[in-house]
Amino acid sequence: MDLLCNAYSNASDNEEEEEESAKQPRPENFTPPNSKRLKPDNPFTHTKTQNPLSGSTQFPALHIEAPVPGRYVSKRERALLGSQPTAPDPNPDALLLTTSPVFGSISDSDVPRDIKSLLRNKAKKGRAQLGQMPQRMSVPLSRHTKAVNALHWSPTHAHLLASASMDQTICIWNVWSSDQKVARVLNFHNAAIKDVKWSGQGLFVLSCGYDSSSKLVDVERGIETQVFKEDQVVSVVKFHPDNFNLFVSGGSKGGLRLWDVRNGKVVHEYVRGHNPILDVEFTTNGKQIISSSDVSGCNLSENSIVVWDVSRQVPLSNQVYVEAYTCPCVRCHTFEPFFVAQSNGNYIAIFSSIPPFKLNKYKRYESHGVSGFPIKCVFSVDGEKLVSGSSDGSIYFYDYRSSELVRKIKAYEQACIDIAIHPSIPNVIASCSWNGEVSVFE
């Protein structure tokens with residue numbers, strides 16, 4: 001044994017160790033390590049990394065017991081072992097993740113007082129503005145370098161607006177910030193982005209695009225939390241109105257899937273044809289899904305609009321709209337049992353959301369001979385107005401009851417791709433265009 005000790009030890013190491021031990025005071029509550037506490041079947045248990053203590057209470061690494069019983073470890077070797085990186089945490093949430101650039105604050109601390117008052121007292125002051133319509137552009141937002149495909153206001157943090165672009169980025173806008181309006185730039189997709197939606201649970205956005213995936217991102221931390229891979233270009237996503245753990249996605253191969261974000265798996269799949277899905281919408285009660293498909297490549301007009309039973313995964317009707325036009329957008333009324341579909345026939349059709357989902361042949365929203373055709377539409381908060389973006393770069397306001405055109409705003413030189421009405425301030429809308437512009441009107 002003496003020969004082994006002499007062979008593996010170093011006199012200078014032992015002398016330095018004794019000198020340092022004499023200089024360093026031993027903690028009052030110091031307890032020598034007891035080898036009996038170690039589990040005999042796993043001698044490495046005691047080397048597991050614990051939560052770090054503060055700098056004043058951490059013990060030096062040289063007091064750690066040798067990992068192999070019976071073998072002497074010199075000071076230099078212990079220092080070398082202490083400098084080695086620890087094993088990665090098996091919890092994937094603890095892994096290093098790529099974060100998005102941070103440009104400004106997402107809080108409303110620098111939002112003007114009058115705007116903040118409207119955001120926080122929407123039930124009182126917002127109600128008085130239900131009948132008002134936007135008059136002019138108030139906030140231009142410039143960051144995207146290519147066409148912007150989708151917009152969505154945050155339902156929980158109403159000063160934040162998300163925009164998805166063909167330049168592969170999502171911008172989170174702090175719209176009324178006096179300092180920096182671009183709060184986050186999310187660049188987790190490696191292809192053009194088609195759609196973006198805020199979750200009703202916290203600061204999360206769900207996006208999809210040409211990289212055949214949907215992604216859930218924590219906006220506050222700028223971290224991608226989940227990826228939902230598919231075998232198709234994903235063109236549209238929509239959260240369930242009552243359960244934000246569920247969302248539906250539609251894509252280029254006609255696939256319509258209901259996902260659960262808690263386990264990242266498909267709950268239901270709705271299959272009818274192979275025509276690309278253009279838009280999806282949950283009915284107000286969340287029991288049906290309305291999907292619109294591109295039927296321009298076939299002679300049959302059926303399956304242009306299909307109403308699905310969410311739980312039974314069966315189509316309740318696939319002959320809702322039998323005209324030979326594609327409908328790029330479907331939207332349910334705020335509270336009444338109706339939905340509209342923007343048709344490439346240069347008008348907006350109205351349907352009942354109650355079986356048998358009949359088309360109203362006597363009422364529709366005409367474009368009044370405008371050279372452009374409607375692309376996206378949305379109902380106002382009170383349901384009295386229908387706002388539509390057009391290929392001629394204009395925004396049209398219709399009276400829902402009479403279907404008459406009541407106002408037109410020329411917004412862009414190129415097509416107006418999407419419209420988003422503010423959830424708290426009814427006379428504020430956001431719009432985006434094919435040339436990458438994002439604008440807020442009030």
Side-chain angles (χ1 to χ4, degrees), residues 133-134 136-153 161-171 173 191-197 207-210 233 235-237 250 252 276-281 292-297 304 325-331 340-349 364-379 385-398 405-421 428-441:
M133 288 181 290
R136 57 180 177 82
M137 184 179 70
S138 60
V139 183
L141 303 172
S142 178
R143 171 76 186 190
H144 292 294
T145 58
K146 294 183 180 180
V148 180
N149 289 319
L151 297 171
H152 195 213
W153 290 100
L161 175 71
S163 60
S165 173
M166 297 291 286
D167 63 9
Q168 305 181 20
T169 65
I170 295 172
C171 282
W173 306 92
I193 306 173
K194 286 287 291 179
D195 198 10
V196 61
K197 293 291 187 297
S207 58
C208 64
Y210 285 92
V233 172
S235 55
V236 58
V237 288
S252 59
I277 301 295
L278 300 178
D279 201 10
V280 294
E281 175 81 334
S292 65
S293 302
D294 186 358
V295 296
S296 59
S304 174
Y325 296 114
T326 294
C327 298
C329 174
V330 289
R331 290 290 181 270
V340 297
Q342 287 196 324
S343 169
N344 284 345
N346 207 19
Y347 65 91
I348 303 175
R364 62 185 188 182
Y365 303 91
E366 299 284 355
S367 295
H368 298 280
V370 179
S371 57
F373 55 86
I375 300 177
K376 290 286 184 71
C377 67
V378 63
F379 281 102
K385 299 291 186 299
L386 179 66
V387 187
S388 170
S390 174
S391 61
D392 66 351
S394 299
I395 303 173
Y396 294 88
F397 297 82
Y398 297 92
L405 180 66
V406 294
R407 175 165 296 166
K408 171 188 172 182
I409 297 177
K410 179 63 176 178
Y412 310 105
E413 294 301 322
Q414 299 188 30
C416 179
I417 303 298
D418 199 11
I419 299 289
I421 293 184
V428 171
I429 68 169
S431 63
C432 58
S433 79
W434 191 251
N435 60 5
E437 296 180 66
V438 178
S439 306
V440 176
F441 295 83

J.: Any chance you could measure Lys385, atom NZ, to Arg407, atom CZ, to the nearest 0.5 Å?
T.: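 If I round to the nearest 0.5 Å, the distance is 9.5 Å.
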
J.: Could I get the full list of side-chain contact (heavy atoms from CB on, under 4.5 Å) partners for Lys410, not counting sequence neighbours?
T.: Ser394

J.: Say you draw a straight line from SG of Cys377 to CD1 of Ile421; how long is it, rounded to the nearest 0.5 Å?
T.: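 CD1 of Ile421 is found 10.0 Å from SG of Cys377.
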
J.: Specify the closest pair of heavy atoms between Lys194 and Ala150, including all atoms of both residues, with the distance to one decimal.
T.: O-CB, 3.8 Å

J.: For Pro134 and Ile409, which heavy atoms make the closest approach, and how far apart are they?
T.: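 Heavy atoms of Pro134 and Ile409 come nearest at O-CD1, 3.7 Å.
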
J.: If you look at every heavy atom in Cys208 and Ile193, which pair is closest and at what distance?
T.: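 Reported closest heavy-atom pair: O-CG2, 3.1 Å.
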
J.: Return yes if some donor-acceptor pair links the side-chain N/O of Tyr325 with the main-chain N/O of Asn346 below 3.5 Å, else return no.
T.: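 Flag not set: sc Tyr325 to bb Asn346 has no pair under 3.5 Å.
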
J.: State the CD1-CD distance between Ile170 and Gln168, to the nearest 0.5 angstrom.
T.: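 Interatomic distance, Ile170 CD1 to Gln168 CD, rounded to 0.5 Å: 11.5 Å.
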
J.: Name all residues meeting the side-chain contact (heavy atoms from CB on, under 4.5 Å) criterion together with Leu278; count only those two or more places apart in sequence or in a different chain, and write none if there are none.
T.: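 Expected list: Ser292, Asp294, Thr326.
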
J.: So, does Ser165 use its side chain to make a donor-acceptor pair with the main chain of Ala147 at under 3.5 Å?
T.: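 Checking the backbone N and O of Ala147 against the side chain of Ser165, a donor-acceptor pair under 3.5 Å is found.
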
J.: Can you tell me how far CG of Asn344 sits from SG of Cys327, rounded to the nearest 0.5 angstrom?
T.: 7.5 Å

J.: For the NE2 atom of His144 and the CG atom of Asn149, what is their distance to the nearest 0.5 Å?
T.: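 Answer rounded to 0.5 Å: 9.5 Å.
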
J.: Within a radius of less than 6.0 Å around OH of Tyr210, do more than 12 heavy atoms belonging to other residues, nucleotides or ligands occur?
T.: no

J.: Could you report the tightest heavy-atom contact between Leu161 and Ala430, atom names first, then the distance?
T.: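 That closest heavy-atom pairing would be CD2-CB, 3.8 Å.
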
J.: Is the shortest heavy-atom distance from the side chain of Asp418 to the side chain of Val148 under 4.5 Å?
T.: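 They are not in contact (no side-chain heavy atoms under 4.5 Å apart), so the answer is no.
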
J.: Distance-only, no hydrogens or angles: does the Ser433 side chain make a donor-acceptor pair with backbone N or O of Glu413 under 3.5 Å?
T.: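 Answer holds: no.
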
J.: Can you name the closest pair of heavy atoms from Asp279 and Cys329 and give their distance?
T.: OD2-CA, 3.4 Å

J.: For Phe379, what residues pass the ring-ring contact (aromatic ring centres under 6.0 Å, His included) criterion, not counting sequence neighbours?
T.: His333, Tyr400

J.: Less than 4.5 Å apart, any side-chain heavy atom of Arg331 and any of Lys376?
T.: yes

J.: Please tell me if the side chains of Lys197 and Asp195 come closer than 4.5 Å, counting only heavy atoms from C-beta onward.
T.: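 In short, these two side chains touch, coming nearer than 4.5 Å.
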
J.: Could you grab the distance from atom OH of Tyr396 to atom NZ of Lys408, nearest 0.5 Å is fine?
T.: 4.0 Å

J.: ring-ring contact (aromatic ring centres under 6.0 Å, His included) with Trp153: which residues, sequence neighbours excluded?
T.: Trp176, His422

J.: What pairs with Gln414 under side-chain contact (heavy atoms from CB on, under 4.5 Å), at least two apart in sequence or on another chain?
T.: Trp434, Asn435

J.: List for me each residue that meets side-chain contact (heavy atoms from CB on, under 4.5 Å) alongside Ser431, sequence neighbours excluded, and say none if there are none.
T.: Ile395, Tyr412, Cys416, Ile419, Ser439, Phe441

J.: Taking all non-hydrogen atoms of both residues into account, name the closest pair between Thr145 and Asp167 and its distance.
T.: N-OD2, 3.1 Å

